[in-house]
Visitor: 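The structure follows.
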4 protein chains.
Amino acid sequence: MVVATAIASKRQLLVEAAAEVFSTHGFTATRVSDIAAAAGVGKGTVYEYYSSKEELFFAVFEWIDGQIRHKVDAAIAEPAKASDHLRAILTASAAIISEHRELFSMNLDFWAASRGSAFESRFSDACRILYARYRLLVADVIRRGQADGELRDDIDAAGVAALIVSALDGLAVQCWFDGSMDPVAAVDSFATALLGGLCREPR
Amino acid sequence: MVVATAIASKRQLLVEAAAEVFSTHGFTATRVSDIAAAAGVGKGTVYEYYSSKEELFFAVFEWIDGQIRHKVDAAIAEPAKASDHLRAILTASAAIISEHRELFSMNLDFWAASRGSAFESRFSDACRILYARYRLLVADVIRRGQADGELRDDIDAAGVAALIVSALDGLAVQCWFDGSMDPVAAVDSFATALLGGLCREPR
Amino acid sequence: MVVATAIASKRQLLVEAAAEVFSTHGFTATRVSDIAAAAGVGKGTVYEYYSSKEELFFAVFEWIDGQIRHKVDAAIAEPAKASDHLRAILTASAAIISEHRELFSMNLDFWAASRGSAFESRFSDACRILYARYRLLVADVIRRGQADGELRDDIDAAGVAALIVSALDGLAVQCWFDGSMDPVAAVDSFATALLGGLCREPR
Amino acid sequence: MVVATAIASKRQLLVEAAAEVFSTHGFTATRVSDIAAAAGVGKGTVYEYYSSKEELFFAVFEWIDGQIRHKVDAAIAEPAKASDHLRAILTASAAIISEHRELFSMNLDFWAASRGSAFESRFSDACRILYARYRLLVADVIRRGQADGELRDDIDAAGVAALIVSALDGLAVQCWFDGSMDPVAAVDSFATALLGGLCREPR
DNA sequence: TATGAATGAGAATTCATTCAT
DNA sequence: AATGAATGAATTCTCATTCAT
């Protein structure tokens, strides 16, 4: 158990060092020796815990995914109206984006890893599953609101959910390129518009 | 003039061949020789027209940007209500995504190119400007609607515009990972929700 | 044709440079850059002509095999009694061993390449075929001598042929380890003994 | 004494485990950790008994050499005619080759170790001495036969001895490449030919 | 004495780029 | 202008060896 913990913590040490370096320089420009140096270990040690640079990269992906999922789940842990949960999801996500811009920059690398790398399908599959999960999470909230009578039921929940999830991803991209953007404020306006309608007249 | 045209057309030939190969294999996995072969020219010839692989990649970026901008502009060329223009922008974008999935997969590479490549800042700057332009375009439509009294004016146009643009980018990402998604249908539900409000009661 | 010749000659240049370096330092201790340097070309150039170090090593194997086969064939080109042909094969082989000790030292590497390398089966197969060919060549001479009535026909030609071929291989090994050995003299005594019998009394 | 024996037996344990792994995968493809695992000890323990992989490899060489030498010595332990002793040496060697093909495959590695390894000269020297010893052993038998009047004395004993020893080495090589060969049968024909003469007419 | 986690030297290979023709 | 042969910088990964426990 002590051993297992030691191994797990060394793996975690490497994942965090890797996240740091990858998020700063991007996957391609990062050398394995850079990660080793950041973790304070020798180059060979990295390979004792991860069989390749890409394997470690994937571990970073899973680690970040887990963290974000945890925060999003927390945002809707308390019972509430569907509209409040939707706003909570949007706000929580924007907050994460705002606080961890450098972490979200890794998205760009994860996505690119699905293109022409040896791990192509591994990242593709993981992303496909990840997005399906988030779409389902949002769509379920919407469907609950529709069942409760709070939300209009003449609208396809899955379609709207897809765009809400999309919006958060795209927002992180824009925040990466433009450090002056305030994702929390933008999301707030968006939530108000989406829930209440942009148009003055009901339609 | 004839010469200039010949040069321009050879550059264009290379850009289109490059777009084809880059979009299929991704930036990293694409070899300059692959592009040369696809264009039917010798490897050295590529360097007669572009000084580096990244320079050519950037030319592809600009070419695709121009094409998309053109289609979006066309979508709002005709005078119409702000809400119709918003829907038109969403629908036109979804249609492009749907019809040119492979082209949009290059987004992932463009974004990654802003991380750790020699052209890092060149791509970053271009993307920042590109997104600012789209946000402004959408925000202007919203502001016009607000001025016309069609749209609620208690909502920050810039914030909503940012999320609308985000949503379209994110949608392309999800479509890349999940070929079975229908962006046009999703966008249609989203437009209805956004314009009319998800909530039954006005808020 | 000129091009084909240029490519062929560059490949040949590399094979000969490789044979030189491999035979001096052995396969493992030879760096690809050593071969490139010996050939007077850049390291990358080697890979333009051979896809890997082992591919080049195999080309050296085939080149040497071809040379030796040529000389052995020449030794029995002229019609002669079977016993003279056997002696000619032995003498010619010993002469090659004597004159090209460094080339024969590569045998040790070729054999070792059949053990645990990526090319394991390629070398194994090639060696098996090579030995089968030599055994057959010698056995055919013996059988002809038996048919002609010159050689005893109560002896299995294949078995003796195997040992004659073996003796020449083993001789090269011993000469590699002991530079003072004279293979030609040793082979001469051996041929006399083998043909005439070691025993004084016919048996 | 107990300690010394314990050390000796641990060294022997490692040598036999190493022989097993080396003979299966070859020297280069064998990892020290493989040997440790085969011996059921930790990787570091190997270095408590042998200072390097090559040192251990050399120990395997000496162990196998000792075993073979023992069997060959046994083959000529009983007083007998020189011709019978020669046949006994050949037959005993073929039997060992036949029964321990995998052990003989290590020859290929030992030979290669004399080329470019850190132990180059150590292996070279050992092999040179080993072959000199076998040549002398065989030559002594021949000379005794010549002195006794059983064997022709117009033939150089050393030369024939060299080729007899060579033949046995080469036979092991061919058997390695071609598992279907029967060394015992081949050697029997060879012994008959060599002792009685291949030619029908005395020469 | 036994261990195995940590190390880093070392080598093969790729491919963008150059430049002589 | 067009070419593609030649180049070598740059990086991943392996594994023998060390040494703290």
Side-chain angles (χ1 to χ4, degrees), chain A residues 3 6-7 10 14 28-37 39-56 118, chain B residues 3 6-7 10 27-37 39-57 118, chain C residues 3 6-7 10 14 28-37 39-57 118, chain D residues 3 6-7 10 27-37 39-57 117-118:
Chain A
V3 170
I7 289 177
K10 190 63 83 78
L14 287 168
T28 307
T30 294
R31 281 175 254 108
V32 172
S33 60
D34 294 336
I35 296 170
V41 302
K43 180 160 46 97
T45 305
V46 175
Y47 287 92
E48 291 288 318
Y49 294 89
Y50 294 96
S51 62
S52 70
K53 185 187 176 186
E54 284 187 304
E55 192 83 37
L56 176 53
Chain B
V3 170
I7 288 177
K10 192 63 98 51
F27 178 77
T28 307
T30 293
R31 276 169 263 127
V32 172
S33 61
D34 294 336
I35 296 170
V41 303
K43 197 172 11 143
T45 304
V46 174
Y47 287 88
E48 293 291 321
Y49 294 90
Y50 293 96
S51 64
S52 71
K53 185 186 177 187
E54 282 184 314
E55 187 88 40
L56 176 53
F57 190 51
Chain C
V3 170
I7 289 177
K10 189 65 82 80
L14 287 168
T28 307
T30 295
R31 283 176 253 108
V32 173
S33 61
D34 294 336
I35 295 170
V41 302
K43 182 156 49 96
T45 304
V46 174
Y47 287 92
E48 291 288 317
Y49 295 89
Y50 294 95
S51 62
S52 70
K53 185 186 177 187
E54 282 186 306
E55 192 82 39
L56 176 52
F57 190 52
Chain D
V3 171
I7 288 177
K10 191 63 95 55
F27 177 78
T28 307
T30 293
R31 277 169 262 127
V32 172
S33 60
D34 294 336
I35 295 170
V41 302
K43 198 173 9 144
T45 304
V46 175
Y47 287 87
E48 294 292 321
Y49 295 89
Y50 294 95
S51 65
S52 70
K53 185 186 178 188
E54 282 184 313
E55 188 87 41
L56 176 52
F57 190 52
S117 84

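Labels below follow one simple rule: chain letters A, B, ... track the order of the sequence lines, proteins then strands, and each chain is numbered from 1.
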Visitor: What is the separation between atom CD1 on D:Ile7 and atom C1' on E:dT1, rounded to the nearest whole Å?
Guide: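 My rounded result for the distance is 10 Å.
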Visitor: Shortest non-hydrogen contact from C:Ser51 to C:Glu55?
Guide: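 Minimum heavy-atom separation between C:Ser51 and C:Glu55: OG-OE1, 3.4 Å.
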Visitor: Between E:dA16, F:dT7, F:dA10, spot the one nearest the side chain of B:Val32, thanks.
Guide: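 Of E:dA16, F:dT7, F:dA10, E:dA16 is nearest to the side chain of B:Val32.
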Visitor: State whether B:Tyr47 and B:Lys53 meet the cation-pi test: NZ (Lys) or CZ (Arg) under 6.0 Å from the six-membered ring centroid, and within 45° of the perpendicular axis.
Guide: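 The answer is no, since B:Lys53 fails at least one limit relative to B:Tyr47.
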Visitor: Please tell me which of B:Val46 and D:Phe27 maps to the more 5' nucleotide of DNA chain F, matching each residue to the nucleotide holding its nearest heavy atom.
Guide: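 It is B:Val46, whose closest nucleotide lies nearer the 5' terminus.
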Visitor: For C:Tyr47 and E:dA16, what is the distance between atoms OH and C1' respectively, to the nearest whole Å?
Guide: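 Roughly 18 Å, once rounded to whole Å.
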Visitor: Going by heavy atoms in the side chains, are C:Val41 and C:Leu14 under 4.5 Å from each other?
Guide: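 Result yes, sub-4.5 Å side-chain heavy-atom pair found.
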Visitor: At under 4.0 Å between heavy atoms, what does C:Lys53 touch on the DNA or RNA strands: base, sugar-phosphate, or nothing?
Guide: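 Sugar-phosphate only.
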Visitor: Go through F:dT11, E:dA5, F:dA9 for me and flag the one nearest to the A:Arg31 side chain.
Guide: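 Side chain of A:Arg31 sits closest to F:dT11.
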Visitor: Of all the choices, E:dT7, F:dA1, F:dA10, which nucleotide is nearest to the side chain of A:Val41 once you look at every atom?
Guide: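 Side chain of A:Val41 sits closest to E:dT7.
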Visitor: Would you mind classifying the nucleic acid contact of B:Ser51 as base, sugar-phosphate or nothing, using non-hydrogen atoms under 4.0 angstrom?
Guide: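 No contact at all - B:Ser51 keeps every heavy atom at 4.0 Å or more from the nucleic acid.
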Visitor: Quick one: NZ on D:Lys43 to CZ on D:Arg31, what's the gap to the nearest 0.5 Å?
Guide: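 Result: 10.5 Å between the selected atoms.
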Visitor: Measuring from B:Thr45:OG1 to B:Ile35:CD1, what's the distance to the nearest 0.5 Å?
Guide: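 Reported value, rounded in 0.5 Å steps: 13.0 Å.
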Visitor: Could you tell me how far apart C:Lys43 (NZ) and E:dG10 (C1') are, to the nearest whole angstrom?
Guide: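 Taking atom C1' of E:dG10 as the reference, NZ of C:Lys43 is at 12 Å.
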Visitor: Which comes earlier along DNA chain F counting from the 5' end, the contact point of A:Glu54 or that of B:Thr45, where each point is its nearest nucleotide?
Guide: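 Nearer the 5' end of the strand: B:Thr45.
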Visitor: Regarding D:Gly44, tell me which of base, sugar-phosphate or nothing describes its non-hydrogen contacts under 4.0 Å with the strands shown.
Guide: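 The answer is base, as D:Gly44 lies within the cut-off (heavy atoms under 4.0 Å) of a base atom.
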Visitor: Between B:Thr28 and A:Glu48, who's closer to the 5' end of DNA chain E by nearest nucleotide?
Guide: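 Nearest nucleotide further toward 5': that of A:Glu48.
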Visitor: So what does B:Thr30 touch, heavy atoms closer than 4.0 Å: a base, only the sugar-phosphate, or nothing?
Guide: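 Sugar-phosphate only.
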Visitor: Taking the minimum atom-to-atom distance to the side chain of A:Ser52, which one of F:dC13, F:dA10, E:dA5 wins?
Guide: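 Per side-chain heavy atoms of A:Ser52, the pick is F:dC13.
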Visitor: Answer with base, sugar-phosphate or nothing: what part of the nucleic acid does C:Ser33 contact at a heavy-atom distance below 4.0 Å?
Guide: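 No contact.
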Visitor: May I have the distance from B:Glu55 (atom CD) to E:dA16 (atom C1'), rounded to whole angstrom?
Guide: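 Taking atom C1' of E:dA16 as the reference, CD of B:Glu55 is at 14 Å.
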Visitor: Grab the CD1-P distance between B:Ile35 and E:dC15 for me, whole Å please.
Guide: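 It is 13 Å, rounded to the nearest whole Å.
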Visitor: For F:dT18, which nucleotide is its Watson-Crick or G-U wobble mate, given both distances must be under 3.5 Å?
Guide: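 Base partner found: E:dA5.
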Visitor: Which is true for A:Tyr49 with a 4.0 Å heavy-atom rule: it touches a base, it touches only sugar-phosphate, or it touches nothing?
Guide: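 The residue A:Tyr49 makes sugar-phosphate contact but no base contact.
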Visitor: Rounded to whole Å, how long is the line connecting atom OH of B:Tyr50 with atom P of F:dA2?
Guide: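 It is 13 Å, rounded to the nearest whole Å.
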